[in-house]
Visitor: 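Attaching a single structure in structure tokens format; questions to follow.
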Amino acid sequence: MSEVYGENEDPQSDAQRRIRRSPLLFTTPLALLGLLTALLLWEAIRVNVSPEAQGEWPWRLQLIDGQVLGSLLAVSLGAVLARAQYARTVRPYLGWRAAWTKGLLATRAPAWRVGILNGGQHMAVIESWDVRVVMQDADDSDDERWSSVSDTVAELVEAGFVVGEDFRLIGFGAGFPLIGAVGGHDTVLVGAFSESFAQRVQSVYVRVRVTDVVGDTHERTMDCLKGVWTDKAAPPAG
């Protein structure tokens, strides 16, 4: 069977973005660089005033030697640039793919299997995992409430779906590691959905947030039913 890979056609529903940087490893070096730059400007202005003025307040204030300041500024700038480059190197690349697969539901009929993959070279740790279900003909608004997997399963059961027969949703707790892809592209199961489920449900959004090894937080929202009828004709309604 052919596989359908997630594409960033809709940036609101299927795109990875960085939502937070590490305060310690990003903000602190930038703040230090800004402080040293301000001190360098102060020293540049102070040494260019007249010798008489340099003996008066505030021009007589010398906070740090110019040579030392220049060295510190160069080191700080190098650290900021190195951190930016390293952050790009260890950045996770969250992707997903789906295909009709047998053996995932109790009915043994083909199910729409969705799996997630960290295509980066380094591990990412799940920070949160939320789900939002949109029924057919319902309003698909970004302001709708996100729920945990357990709450979503309860809502679907209340709507008449049977766990294990109509759908499966896998829950991932905070701290679960998504290992970087090293020579392989095996995905971790996110969920499986039957044909009847896909007929009644418009979208199943999964919003995953992960933290990389430098402390930055990345987010991707996947529509698990996107492309569900791409390689399988939709069954007739009713």
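Just so you know, residue 1 is the first one in the sequence shown, and it goes up from there. Just so it is clear, the structure is predicted and the values come from calculations on it, not from any experiment.
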Visitor: Looking at S22 and G215, would you say the former's side chain and the latter's main chain have a donor-acceptor pair under 3.5 Å?
Guide: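 No; zero donor-acceptor contacts below 3.5 Å.
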Visitor: Where do A159 and R200 come nearest, in terms of heavy atoms and distance?
Guide: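 Minimum heavy-atom contact is O-NH2, 2.9 Å.
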Visitor: Has R220 got its NZ or CZ under 6.0 Å from the middle of the six-membered ring of Y93, at an angle within 45 degrees of the ring axis?
Guide: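 Not flagged: R220 not positioned over aromatic ring of Y93.
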Visitor: Could you grab the distance from atom OG1 of T107 to atom CG of D166, nearest 0.5 Å is fine?
Guide: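 Nearest 0.5 Å value for the OG1-CG distance: 8.0 Å.
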Visitor: Linking I/L/V/M/F/W/Y whenever their side-chain heavy atoms sit closer than 4.5 Å, directly or via other members, would V75 and L81 fall into one cluster?
Guide: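 No, V75 and L81 fall in different hydrophobic clusters.
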Visitor: Flag the pair V188 / F172 as yes when at least one side-chain heavy-atom distance between them is below 4.5 Å, and no otherwise.
Guide: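 The answer is yes; the side chains approach within 4.5 Å.
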Visitor: Please determine whether residues L104 and W100 belong to a single hydrophobic cluster, defined as Ile, Leu, Val, Met, Phe, Trp and Tyr linked transitively by side-chain heavy-atom distances below 4.5 Å.
Guide: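 Hydrophobic grouping puts L104 apart from W100.
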Visitor: Do T37 and L33 have side chains that get closer than 4.5 Å, going by heavy atoms?
Guide: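 Answer yes - side chains close enough.
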Visitor: Considering only heavy atoms from C-beta outward, does the side chain of F193 approach that of V201 to under 4.5 Å?
Guide: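 They are not in side-chain contact.
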Visitor: Determine whether V163 and V157 make a side-chain contact, defined as any pair of heavy atoms from C-beta on separated by less than 4.5 Å.
Guide: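 Side chain of V163 against side chain of V157, heavy atoms only: contact under 4.5 Å found.
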Visitor: Could you tell me if R207 sits above the aromatic ring of W146, with its cationic atom closer than 6.0 Å to the ring centre and no more than 45 degrees from the axis?
Guide: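 Output yes; distance and angle both within limits.
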Visitor: Looking at side-chain heavy atoms only, is the closest gap between V131 and S147 below 4.5 Å?
Guide: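 Result no, sub-4.5 Å side-chain heavy-atom pair not found.
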Visitor: To the nearest 0.5 Å, what is the distance between CG on L73 and CG on L39?
Guide: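 If I round to the nearest 0.5 Å, the distance is 9.5 Å.
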Visitor: Would you indicate whether the side-chain heavy atoms of F176 and V125 approach each other to under 4.5 Å?
Guide: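 V125 vs F176: side chains apart.
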Visitor: How long is the straight-line distance from CD1 of I170 back to CD1 of I116, given to the nearest 0.5 Å?
Guide: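 Those atoms lie 12.5 Å apart.
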Visitor: Is a side-chain N or O of T230 found less than 3.5 angstrom from the main chain of G227, in a donor-acceptor match?
Guide: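 Side chain of T230 to backbone of G227: a pair is present.
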Visitor: Can you say whether the rings of Y86 and H122 are parallel (under 30°), tilted (30 to 60°) or perpendicular (over 60°)?
Guide: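 Plane angle over 60°, so perpendicular.
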Visitor: What about L105 and V228, same hydrophobic cluster or not, with Ile/Leu/Val/Met/Phe/Trp/Tyr joined at side-chain heavy-atom distances under 4.5 Å?
Guide: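 Result: no, two separate clusters.
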Visitor: Is the shortest side-chain N to carboxylate O distance from R20 to E127 below 4.0 Å?
Guide: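 Yes, R20 and E127 are salt-bridged.
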Visitor: Which distance, rounded to the nearest 0.5 Å, do you find between the CG of L225 and the OG of S203?
Guide: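 That separation rounds to 6.5 Å.
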Visitor: Going by an N to O cut-off under 4.0 Å, is there a salt bridge joining R83 and D216?
Guide: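 Looking at R83 and D216, the cut-off is met.
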Visitor: Are side-chain heavy atoms of R113 and T187 found at a separation under 4.5 Å?
Guide: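 Yes - at least one pair of side-chain heavy atoms lies under 4.5 Å apart.
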Visitor: Are V68 and L36 co-members of a hydrophobic cluster defined by side-chain heavy atoms under 4.5 Å apart?
Guide: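 In one cluster with L36: V68, yes.
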Visitor: Tell me the closest heavy-atom pair linking C224 and V206, and the distance in Å.
Guide: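 Minimum heavy-atom separation between C224 and V206: SG-CG2, 3.6 Å.
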Visitor: Would you check if L169 and T152 make a side-chain contact, meaning some heavy-atom pair closer than 4.5 Å?
Guide: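 Heavy-atom side-chain distance check passes, below 4.5 Å.
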Visitor: With P92, which of L178, N118, T211 fulfils side chain to side chain contact (heavy atoms under 4.5 Å, CB included)?
Guide: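 Of L178, N118, T211, side chain to side chain contact (heavy atoms under 4.5 Å, CB included) with P92 is met by N118 alone.
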Visitor: Using 4.0 Å as the upper bound for N to carboxylate O, is an ion pair formed by R132 and E155?
Guide: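 Looking at R132 together with E155, the answer is no, because their closest N to O distance does not fall below 4.0 Å.
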Visitor: Indicate, with yes or no, if the rings of F197 and F167 have centres closer together than 6.0 Å.
Guide: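 Centroid distance F197-F167: below 6.0 Å, so yes.
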Visitor: Can you tell me how far CG of L117 sits from CG of L94, rounded to the nearest 0.5 angstrom?
Guide: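 Those atoms lie 8.5 Å apart.
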Visitor: For A98 versus V114, what's the shortest heavy-atom pair and its separation?
Guide: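 Closest approach of A98 to V114, heavy atoms only: CB-CG2, 4.0 Å.
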Visitor: If every non-hydrogen atom of E195 is compared with every non-hydrogen atom of W229, which pair is closest and at what distance?
Guide: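 Closest heavy-atom pair between E195 and W229: O-CH2, 4.0 Å.
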Visitor: Determine whether more than 12 heavy atoms belonging to other residues, nucleotides or ligands lie under 6.0 Å from atom CD of Q121.
Guide: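 Counting other residues, nucleotides and ligands, CD of Q121 stays at 12 neighbours or fewer.
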Visitor: What's the spacing between L189 CG and T101 OG1 if we round to 0.5 Å?
Guide: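 Answer for the CG-OG1 pair, L189 versus T101, is 9.5 Å.
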Visitor: Checking side-chain hydrogen bond (donor to acceptor under 3.5 Å, both in side chains) between D212 and each of R91, H218, R18, which is the one that passes?
Guide: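 The passing option is H218.
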